[in-house]
There are 2 protein chains.
Amino acid sequence: MKRNSRLSSTLHILVHMADAPDRALTSEQLAGFIHTNPVVVRRTIAGLREAGIVTSSRGHGGGWQLGRAPDRISLAEISAALGETLLPFSTEPESPGCLVEQAVIAVLDDFRLEAERLLAERLSHITLADLTADFRRRYDLIGISSHAV
Amino acid sequence: MKRNSRLSSTLHILVHMADAPDRALTSEQLAGFIHTNPVVVRRTIAGLREAGIVTSSRGHGGGWQLGRAPDRISLAEISAALGETLLPFSTEPESPGCLVEQAVIAVLDDFRLEAERLLAERLSHITLADLTADFRRRYDLIGISSHAV
DNA sequence: CTTCATGTAACTTAATTAGTTACGAATGGC
DNA sequence: GCCATTCGTAACTAATTAAGTTACATGAAG
């Protein structure tokens, strides 16, 4: 799993879970999808469990399942549950007392606040169901073209 | 200089340059403002020179100056010249051929495209002149309150 | 009571970036 | 011409962060 791909890797995993709603998938299986380690998976999606996006169970037949219907799980919630920041830049003071820095940070924080609100709003309209629908569309297309050839 | 503070550090530097339009500031002086090394400064703002945002000159009296008026330098240009990404997540394929991944990346890239357009648009309306104005406002306020006490 | 699975701590490894040293190339003052 | 100054850049070191790994305790199912 690459450095900044926690969101896409997690979505990948979740779509697989949405695609097998009847059974629990183990961290080992999930790790296989994104070519990583079961422990990394458990660590990564631990926050999703706390947010109710997924549930986990131990022992025989245990593993991971969605906590609710895919159309009620938005990318905004997923991103937040992963603890991801939507904007990459920091605005922590490094020279407290410097008025130039204060001005810079004030403007940047204003922008950040507005931007994060905007991005979260947009992400809240994209659900896991949209992703699985897109996946199925691709799946059907491949099926058709395979027949055609 | 902290890890994700390249944008705010660069803005800090640029406001100082805008505040001294008559003379060139050396990388050493600029480094002092953000508590780092002259070489780090030169490296960081090298891209701004290529973008025409700043100019540099060597030798006696050399150093850095703004390449044009502060009200014609937007945060969008600065951010771009720094090579900063506006969104932090990666969408590079790690399992080429996996339809689930393709669906995830397609949706995420759509979002990214739209989001980057939006953020850049907003950043293009904030100029260095806005930052210096904010700085001067703070400066005057402190002056007044100092007098009052 | 054995097997399978998660939960989590602790450690190792890899990648990235800041910081540093060093030196070459311009530039301007004398 | 020569020297001080300043950038440009390469090469190296150090610090930080996140992934990967190992190990083991906990709990559930048969």
Side-chain angles (χ1 to χ4, degrees), chain A residues 1-10 12-13 17 20 23-67 81-85 88-90 92 94-95, chain B residues 1-10 12-13 17 20 23-67 81-85 88-90 92 94-95:
Chain A
M1 183 159 100
K2 288 214 205 77
R3 214 170 174 80
N4 291 330
S5 60
R6 274 172 64 200
L7 179 59
S8 68
S9 292
T10 301
H12 187 156
I13 281 174
M17 284 167 59
R23 68 183 195 282
L25 299 178
T26 68
S27 353
E28 184 116 28
Q29 294 174 299
L30 298 177
F33 296 137
I34 58 172
H35 305 114
T36 185
N37 191 290
V39 177
V40 173
V41 169
R42 293 203 279 269
R43 203 153 55 193
T44 303
I45 64 179
L48 304 200
R49 181 186 44 226
E50 273 134 49
I53 296 170
V54 298
T55 61
S56 64
S57 54
R58 308 189 191 196
H60 273 281
W64 301 80
Q65 286 181 284
L66 293 185
L82 286 172
E84 299 278 84
T85 53
F89 56 83
S90 139
E92 278 176 39
E94 299 182 50
S95 319
Chain B
M1 184 160 99
K2 287 215 207 75
R3 213 170 177 84
N4 291 330
S5 60
R6 274 173 63 201
L7 180 58
S8 67
S9 292
T10 301
H12 188 156
I13 281 174
M17 285 167 59
R23 67 182 197 282
L25 298 178
T26 68
S27 350
E28 184 115 28
Q29 294 174 300
L30 298 177
F33 295 138
I34 59 172
H35 304 114
T36 185
N37 192 291
V39 177
V40 173
V41 168
R42 294 202 280 268
R43 203 154 59 194
T44 303
I45 64 179
L48 303 200
R49 181 184 45 223
E50 274 134 51
I53 296 168
V54 297
T55 61
S56 64
S57 53
R58 307 188 192 197
H60 271 282
W64 302 81
Q65 286 181 285
L66 292 186
L82 285 173
E84 298 278 85
T85 53
F89 57 82
S90 140
E92 279 174 40
E94 297 181 53
S95 321

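From a predicted model like this one, the values you see are computed outputs, not experimental measurements. The figures that follow rest on heavy atoms only: side chains count, while hydrogens, waters and symmetry mates do not. Convention: sequence-line order gives letters A, B, ...; per-chain numbering from 1.
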Interatomic distance, A/Asn37 CG vs D/dA18 P [rounded to whole Å] = 18 Å

query = Do A/Ser5 side-chain atoms and A/Met1 backbone N/O form a donor-acceptor pair below 3.5 Å?
reply = no

task = Please answer whether the main-chain N or O of A/Thr26 pairs with a side-chain N or O of A/Gln29 as donor and acceptor at a distance below 3.5 Å.
result = yes

remark   = Side-chain atoms of B/Arg43 come closest, of C/dA18, D/dC7, C/dA10, to C/dA18

key: Whole-Å distance separating the NZ atom of B/Lys2 from the C1' atom of C/dT16   = 18 Å

task = Using the closest heavy atom to pick a nucleotide of DNA chain D for each, name whichever of A/Val40 or A/Gly59 lands nearer the 5' end.
result =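 Upstream on the strand: A/Val40.
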
ask   = A/Arg6 near the nucleic acid: base, sugar-phosphate alone, or nothing, with a heavy-atom cut-off under 4.0 Å?
value = sugar-phosphate

Residue-phosphate contact under 4.0 Å: B/Thr26 side-chain N/O, D/dT5 OP1/OP2 = no

query = Is there a donor on the side chain of B/Arg58 or the base of C/dA25 sitting less than 3.5 Å from an acceptor on the other?
reply =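 Indeed, a donor on one side and an acceptor on the other fall under 3.5 Å apart.
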
query = Any side-chain N or O of A/Arg42 less than 4.0 Å from the OP1 or OP2 oxygen of C/dT6?
reply = yes

ask   = So what does A/Gly61 touch, heavy atoms closer than 4.0 Å: a base, only the sugar-phosphate, or nothing?
value =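 Counting heavy atoms under 4.0 Å across all strands, no contact is made by A/Gly61.
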
query = Start at the 5' end of DNA chain C and walk down; is the nucleotide closest to B/Asn4 or to A/Ser57 reached first?
reply =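 Result of the comparison: A/Ser57.
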
request  = For the side chain of A/Trp64, starting at C-beta, report the closest nucleotide among D/dT21, C/dG7, C/dT20.
outcome  =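 Side chain of A/Trp64 sits closest to C/dG7.
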
query = Is there a donor-acceptor pair closer than 3.5 Å between any side-chain N or O of B/Arg6 and the backbone N or O of B/Leu82?
reply = yes

key: Toward the 5' end of DNA chain D, by each residue's nearest nucleotide, B/Glu28 or A/His60   =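 It is B/Glu28, whose closest nucleotide lies nearer the 5' terminus.
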
ask   = At under 4.0 Å, does any side-chain N or O of A/Ser56 touch on OP1 or OP2 of C/dT6?
value =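 Checking A/Ser56 against C/dT6: no side-chain N or O falls below 4.0 Å of OP1 or OP2.
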
key: Euclidean distance, atom CD of residue A/Glu84 to atom C1' of D/dA18 [Å, nearest integer]   = 12 Å

ask   = Quick one: A/Leu82 CG to D/dA18 P, roughly how many Å, whole number?
value = 13 Å

Under-3.5 Å donor-acceptor pair between A/Arg49 side chain and C/dG7 base = no

ask   = Nearest-Å distance, CE (A/Met1) to C1' (C/dA14)?
value = 14 Å

task = Under the side-chain contact (heavy atoms from CB on, under 4.5 Å) rule, what do A/Ser9 and B/Glu94 come out as? Steps first, then yes or no, please.
result = CA-CA 9 Å; A/Ser9 292; B/Glu94 297 181 53; 4.1 Å; yes

inquiry  = OP1 or OP2 of D/dG20 versus the side-chain N and O atoms of A/Thr36: is any pair under 4.0 Å?
reply    = yes

message = Please pick, from C/dT16, D/dA19, C/dT20, the nucleotide with the shortest atom-to-atom distance to any side-chain atom of A/Arg3.
response = C/dT16

key: Approximate separation, where rounding is to 0.5 Å, of B/Trp64 CH2 and B/Leu30 CG   = 8.0 Å

task = Round to the nearest Å and state the distance from B/Leu30 atom CG to D/dC7 atom C1'.
result = 12 Å

